[in-house]
Structures are given as C-alpha cells and as structure tokens.
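Written below as structure tokens is the structure these notes are about.
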There are 2 protein chains.
Amino acid sequence: MRSIMHRVEVLKTVAHPVRIRILEELLKGVKCVSDFEDFLEISQPNVSQHLSLLRKQGIIDHYMDGRLRCYFLKDPLIPDLLEVLKKDYIEELPAPACCPVTKKGTYPGERRH
Amino acid sequence: MRSIMHRVEVLKTVAHPVRIRILEELLKGVKCVSDFEDFLEISQPNVSQHLSLLRKQGIIDHYMDGRLRCYFLKDPLIPDLLEVLKKDYIEELPAPACCPVTKKGTYPGERRH
DNA sequence: TGCAAACATAATTATATTTGCATGTATAAC
DNA sequence: GTTATACATGCAAATATAATTATGTTTGCA
C-alpha cells in the first residue's frame, strides 16, 4: 500500500487547476506541450513546469517525436482518482444516528467525561 | 458535476499528512479533538486548525457532547477518495502502442510537424 | 552551417500554507 | 462564583508553491 506521504504527494500534485486539466486531457490520449499551450491559456514555461512536476511524481511520462515531446499518463491511480472526483453524490453521509448535529448528544461508546 | 475549482479545493484540503490521517480515523467512526491529540503527535491548537479547515470545506461536521466536540465525516466523496488512494496497482498504464517511450515515434493522429 | 521551432531550466518575485504561541470561550464540577 | 477541562481563534514567523521573465538545449530544415 502507498504510504501516507506518497498519497499526500499524489494529491498535492493533482490539486491544481492547470494540472488537473492537463491530466483530464491526457485521459483522452497523447498530447504535446504546444497542445496544452493552446487550450490552457498560460505561458509555455508554465506548462513545462507543471508537466515537469507531474513527471517527477511519476504520474506522466513522455516520448520524443522529432522535436515534439509527447506526454501520456503513466500512473494507473490517476484515471480512478479523476473518476471519483467527477462523481455526483446526492446526499451527505448520514450523521451518527444517536447524536443530533450541533446539539448535545451522547458520545457513542465508552469514554471518559 | 463539481467544478474544477471545487475538485482542486477538496484535493488540497485532503493533501496533508495530518488531515489525511484524521479522515482515515473518522472513517472508523466519531472522534473528538482530544482523541486526535492522542494519536497524532501534534499540539491541540494545531489539531483544531486542521479540523477547522476540514469543516470550512464541508468535509466534516461536529456535534457537541457536553464540552466534547464530536467530529464526523460529512462529504460522501471522502470515503471513495480514500479508498482509491489505498488501492494497489500492479502495473503502469500501457504506453501508447505506436510510440516507444523516449525514442522517436510517430505522433498518433493528424498534426502539424 | 545557420536559423527557427519546440521545449526545458533557472532565478526572481509574489502569494499561499503551516505551525507555534498566546489568548479567548463555553461547559462542568466543586 | 471559582476553577479546570476541552476546545477555538488570532497573529506572526517559517516555509512551500506559483507565475513571470530570461536564457539554454535539441531537432529539423534550408
């Protein structure tokens, strides 16, 4: 199992609007840097920096095609992670039944008071 | 569907070693602040700050039991998110077949060269 | 060989996050 | 009412992250 720290690193890496859009795009297929430059509206060095971060984390990789760098998804967690993030949930989790929210209740189970 | 920004906020909030451990613990059931103080080895104000952040994001909520504050999970995304993070994957995603990694290949589909 | 396209890297600056510490508040017990 | 418990909040210092600007590298082509 991934360590807590590794899980945190993955989350931190994905937790950025540009990077999450890059990953969603890579889900559809291979893309090169100038492709991202077009549809994200940020500078080329900035795109490269985000790609570099994702690569250092092992989340993506690339191959060379002439002078194009073609990036693709590598970490199998990512598709699952992105899918969960898109899911719609109708209801909140049920509050503990014995203990009404923001009102006094009883702490469930044994415990010092 | 959650907006990109909302997804990013959720990920950023979970992406911290203390907070991820708090959430994993809450998955098992209700816990109060001093419970966390025991098993995480950080100060009480720091625990409160992390709980406060999680609450502002709508990820957790609490009820009062005397002078105890009993926290519980609220956002239904969290259990699914934590589960995906724990999953073990045996293999990396397959690299695009037509294009060997780090070697020259052909960019799949039509594109300027 | 020289130049341009496609990209990476480095340094700087701006901004956000995290923590520690001091203090504040509500409840319970005495 | 006084005190202790259980917690929250505010602020400043330390640190991490992000974007901008400038510059470097590699490849393809004339």
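In what follows, every heavy atom counts, from backbone to side chain, and hydrogens, waters and symmetry copies are set aside. A note on names: the letters A, B, ... follow the listed sequences, proteins ahead of strands, and every chain is numbered from 1.
- In this structure, B:D75 pairs ionically with B:R2, as a charged nitrogen and a carboxylate oxygen lie closer than 4.0 Å.
- Put simply, CE on A:M64 is 17 Å from P on C:dA5, counting in whole angstrom units.
- Contact annotation: the side chain of B:L68 never approaches that of B:V33 to less than 4.5 Å [non-hydrogen atoms, C-beta and beyond].
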Inset, instruction - Test side chain to side chain donor-acceptor pair (under 3.5 Å) on A:Y89 and B:D80 and set out the steps. - result: CA-CA 11 Å; A:Y89 298 83; B:D80 289 354; 2.6 Å; yes
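- The nearest whole Å value for the distance from the CG atom in B:L40 to the P atom in C:dT19 is 11 Å.
- With a 4.5 Å cut-off on side-chain heavy atoms, B:L93 and A:P79 count as touching.
- Residue B:Y71 has no polar side-chain atom (N or O) positioned under 4.0 Å from OP1 or OP2 of D:dA6.
- Look at CG on B:L68: it is 17 Å from P on C:dA26, rounded to the nearest Å.
- In this entry the distance linking CD1 of A:I22 with P of D:dA18 reads 12 Å, nearest Å.
- In this structure, CD1 of A:I20 is placed 17 Å from P of D:dT17, rounded to the nearest angstrom.
- Within the 4.5 Å cutoff, the side chain of B:L53 has heavy atoms near those of the B:R19 side chain.
- The base of D:dT26 is not paired with the side chain of A:R67 by any donor and acceptor separated by under 3.5 Å.
- Ion pairing between a basic and an acidic side chain is recognised when a charged N comes within 4.0 Å of a carboxylate O; A:K74 and B:E91 show no such pairing.
- A:Y63 has its OH atom 14 Å from the P atom of C:dA8, to the nearest Å.
- Contact annotation for B:F36: no contact, since no heavy-atom pair falls under 4.0 Å across all strands.
- Sorted by first and then second residue, the side-chain hydrogen bond (donor to acceptor under 3.5 Å, both in side chains) pairs involving residues 8-18 of chain B (not counting sequence neighbours) form an empty list.
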Legend entry - B/S/- contact track for nucleotides 9-17 of chain C, protein heavy atom under 4.0 Å: BBB-----S
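- Under 4.0 angstrom from either OP1 or OP2 of C:dC7 there lies no side-chain N or O belonging to A:H62.
- Considering only side-chain N and O atoms, B:S43 lies nowhere under 4.0 angstrom from the phosphate OP1 or OP2 of C:dT19.
- The nearest whole Å value for the distance from the CD1 atom in B:I42 to the P atom in C:dT18 is 12 Å.
- For the pair A:D38 CG and C:dA6 P, the interatomic distance rounds to 10 Å; values are reported in whole Å.
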